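Here the structure is laid out as structure tokens; the discussion comes afterwards.
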Amino acid sequence: MSASVISPREADVLALLGEHLSNAEIAARLFISVRTVESHTSALLRKLELPDRRALSRRAAELAGAGRSRPAPALPAPLTAFVGRERERAELAAALAAHRQVTAVGPGGVGKTRLALAVAADLAGGFADGAWFVDLAPVMDPDRVAAAVAAALGVGEQPGRGHEEALSAALADHRALLVLDNCEQVRDGVAPFLERLLTACPQVRALATSRARLLVPFERVFPVAPLSRDGGGSSEAVALFVERATAAGAAPDPALRERIAAVCERLDGMALAIELAAARWPTLGLDGLTAGLSDQLRILAGGPRAGDRHRSVRAALDWSHDLLEPADRALLRRVSAFVQPFTAGAAIAVAGFAPLDPAAVADGLGRLAEQSLLTAAPAAEGTRYRAPETIRQYGAERLAEAGEQAETGSRHLAWCLAGADELAGTDGPDRRARFDAVADELRAALDRAAGQPELRARAHRLALALAGSAFARNLLGEAQQRFEQAAALADGPTVAAAALREAAGVAGCRGLGDDLYRLHRAAAEAARRAGDGGGARDLAAAATVAYRFSSTFTRIPPAGEVADLLGRARESADGSAATGAALALAEAAVLADAYGSVQGSPDNTARETVAFAERAVELARRAGDPVAESAALDALSGARSWAGEPFAAAAAARRRVDLPQAVPPTPAGTHERVDALAMAAATAIGVGELDLARRWGGQLAGHPLLAEVGHHATSWLLVADAFAGRTEEVAATGVRFLDAWEQGGRPRSFSLGPAAAAVAAVHGLRADDGARAAWLAVAGRAGPEEEHRYGYGAVFDALVLLHRGDAQAALARIAPAPEEVWKWVSWVWLHWYTALRVEASVLAGHPDARARLAGARAVVAGNPVATAQLDRAQALLDGDLARLDAVAAAFDAAGCGYQSARTRHLADG
């Protein structure tokens, strides 16, 4: 299909898909919602007749560029030309063709990175999903290797899964090349990560650069040798020298090439050493270079050949360093604190102390760049500087020798704290990009400061700031890690308990019940040490989540253990309103099973449960805690549903949605907000308020927290749209649901099964039995078996069977009376089940049809859709087809276009 049918906004989305951005990143770039991005993506899939998002991304560059190639910016563009190494390029490419993991090994400064980038660029066209570059130099924690790779590839986190699992799922069927640079300092993290990733992703290949091999089972080591000096003046080493000297402003006379070859030989062909020497050519000339380097190399002579190569780089660095003015030497060692590109302003803040003033720093950066000791590149906020990793490490050594580590580190930490505070105090569509620009710097500063007792307090502050910004950036795993780190760095148990509660909130957002439970218990212990009433509120919270979120646990805590927590909470209660509210909620969860937990009894006493939940709501309201009130309303909504009171359940859920201004945007508050939207949408479906269900379902689908988990985000919107008869919307949104569900490891939950069954029903209405069968298989794997058999599955199957005119089969599918299957229909499906059962009874001529219809009136009273269904059944039973026009209008008013059309069809006989 021609790209001319694509709208301008769709073309914008298409271009960014070609850059492999996530939905959230596209939304931020275009100032639109994630939901709108998904809508455009679905439209593009239909217009371009492509099966999935991955196929769309592969074709996006060509289509958006009107036929011109537009590669994704996955490989950095070097600032200088790559010279020589034709043989090594071919051999390394051949090694990658034959082996799935190749490590380019060699000493610092030999040219590993440039060779790897050149080979990756050569091979990128042969990988359908591109070549991706990940610089691990800023990564100091081996446990963050997967996070760094995920960030580079734009793979977001998913509830209950770490970065490594998300990457394995995202790349499982991709053909891609990963280039991992500077692996040596995190080899212990890179090796197991690559072993697991390549095992899970059979079409992915990895090219690593390291000063030492990674020691993984399938590794092929490719030694990177120095540049060839064969051929004297026509060698690769001389070609590099001439190219760099010319770029510095003074092209060497060709007659001097043989003498230049002697200099390159002295430098052992080490690329970095040659570049440093070439940068000095305009000022020193050949004689100056020869004399200076000869002295350095003579001092460092001796040792094995490999040692000489290390020494030749060290000699060139020492020589180049010694030629600097004292002020520029100080600047070079001080800016080694930065692990990421930095601006002149940042350098002034960190390096601008005696003997350097701001002017000296600004001038010195330019001089260091001229001598190839720094690279300079333009950026939106001004020129950014960076030291190649070997030079940065050299500068760090010089910093230690000068005794300036403490002062420079302190100033760098202060600069990072200021940046973190500024980031936390602002918002806007560019906040993600601003976080990404400084995140590695903040992480490095925190890693360095965390181990220094004198910096502990400031490290605690930075950990909290980084945690908050990571949470806002949707890096939930890191947010939880940083909150826990802040707790470990806290100067007292009260502060530690507060950080642990925040970590628990993040764990809740991640759907990690085990961590949620563990962290609340840890907060209770910290509160006990602080003398805070024995941590009663935290103990009660731990007991509550064991039941409220039991489906998110890998190991459900034993009932006796949870009961013990509740007993300890009661014993240590301090009599405060907040503690009383927490205890009441725990009692509603544990004693009355208000949430209908996995470990709860199907025979819970509904009326008693309602009383427990109502008390929890009242105490939370008195305590003035909107998060606790929302959690208690959730219990009340569940209790009302068990009592067979869908309207009361919906009213309680609606009250939760009405708390957004009061609920703070903390992790716990965000968790409550997302859960509230889901429950409000679900219960609105249950009482036939389809417009409200679609509104709340749409807000849920567009919530930033769920940007990477489209299956959870769209579940209730799919159900509402299916009942309303919005078949095109369901088909389009189903693409997002299915892709995210598969990427997420095909999880089960109480909302995913109904969503898949809803899509299956829509395909059934469209007479696409193949698609319906495929989606029914998804529904069987995505939700609980009993609920599919007796609850939502029965409802959607009956809907399709009635549509096809098979009333007898429909009646057989929902044969049990509602009270016989109350556990599976009482929540959302009771009214739909009841109304469909009556309609099937009437159309099938069941002898009890009239009695069933009369009994159903009281059950569904107040539900506009179900009531209209009964009115239609009554008209059909009475043979009064003239009344069906009014019934169709009632369906239209209720936002149920499908049933309106069905009514008119039945009116026509």
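All values reported here derive from a predicted model rather than from experimental measurement.
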Evaluate the criterion salt bridge (Lys or Arg N to Asp or Glu O under 4.0 Å) for residue pair E587 and R615; output intermediate values, then yes/no.
-> CA-CA 10 Å; E587 290 167 350; R615 178 171 175 268; 3.1 Å; yes

Side-chain donor/acceptor of [X] to backbone N/O of [Y], under 3.5 Å:
X	Y	answer
D514	T554	yes
T579	D574	no
T666	G669	yes
S715	H712	yes
R748	G780	yes

Where [X] and [Y] come nearest, the two heavy atoms and their spacing:
X	Y	answer
L167	A146	CD1-O, 3.5 Å
S637	A649	OG-O, 2.9 Å
V778	A756	CG1-CB, 3.8 Å
A779	A757	CB-N, 3.7 Å
F483	G468	CZ-N, 4.2 Å
L718	A755	CD1-CB, 4.0 Å

How many angstroms lie between [atom1] in [X] and [atom2] in [Y], if you round to the nearest 0.5 Å?
X	Y	atom1	atom2	answer
L636	T609	CG	OG1	11.0 Å
T544	L566	OG1	CG	8.0 Å
D188	D143	CG	CG	10.0 Å
Y792	W829	OH	CH2	8.5 Å
L462	C416	CG	SG	6.5 Å
L489	L446	CG	CG	7.0 Å

Got a salt bridge between [X] and [Y], using NZ or NE/NH1/NH2 to carboxylate O under 4.0 Å?
X	Y	result
R518	D515	yes
E672	R548	yes
D141	R443	no
E618	R622	yes
E561	R521	yes

Carefully, step by step, assess E478 and L466 under the rule side chain to side chain contact (heavy atoms under 4.5 Å, CB included).
-> CA-CA 9 Å; E478 180 173 10; L466 186 53; 3.8 Å; yes

Would [X] and [Y] count as having a side-chain donor-acceptor pair, cut-off 3.5 Å?
X	Y	value
R656	S630	yes
E484	Q480	yes
E785	Y790	no

Answer yes or no: is there a side-chain heavy-atom contact under 4.5 Å between [X] and [Y]?
X	Y	result
L717	L700	no
S572	L539	yes
N474	L705	yes
E525	R529	yes
V825	E787	no
L512	T552	no
H163	F193	no
Q481	R144	yes

Please step through side chain to side chain contact (heavy atoms under 4.5 Å, CB included) for the pair L417 and L442, ending with a clear verdict.
-> CA-CA 8 Å; L417 276 169; L442 304 185; over 6 Å; no

Verdict with reasoning, F471 to T670, per side chain to side chain contact (heavy atoms under 4.5 Å, CB included) | CA-CA 10 Å; F471 182 77; T670 301; 3.7 Å; yes

Over 12 foreign heavy atoms within 6.0 Å of CZ, F553 |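 Enclosed: over 12 neighbouring heavy atoms sit under 6.0 Å from CZ of F553.
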
Please assess E689 against R695 for the test salt bridge (Lys or Arg N to Asp or Glu O under 4.0 Å), listing each intermediate value before the final yes or no.
-> CA-CA 10 Å; E689 296 176 339; R695 179 202 303 172; over 6 Å; no

For the residue pair F737 and W741, does the interplanar ring angle fall in the parallel (under 30°), tilted (30 to 60°) or perpendicular (over 60°) class?
->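 It falls in the parallel class, under 30°.
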
What side-chain donor-acceptor pairs closer than 3.5 Å can you find for residues 490-509, not counting sequence neighbours?
residue : atom : partner : partner atom : Å
R501    : NE   : D538    : OD1          : 2.8
R501    : NE   : D538    : OD2          : 3.4
R501    : NH2  : D538    : OD2          : 3.0

Check against side chain to side chain contact (heavy atoms under 4.5 Å, CB included), M679 and V657 = CA-CA 9 Å; M679 295 304 100; V657 179; over 6 Å; no

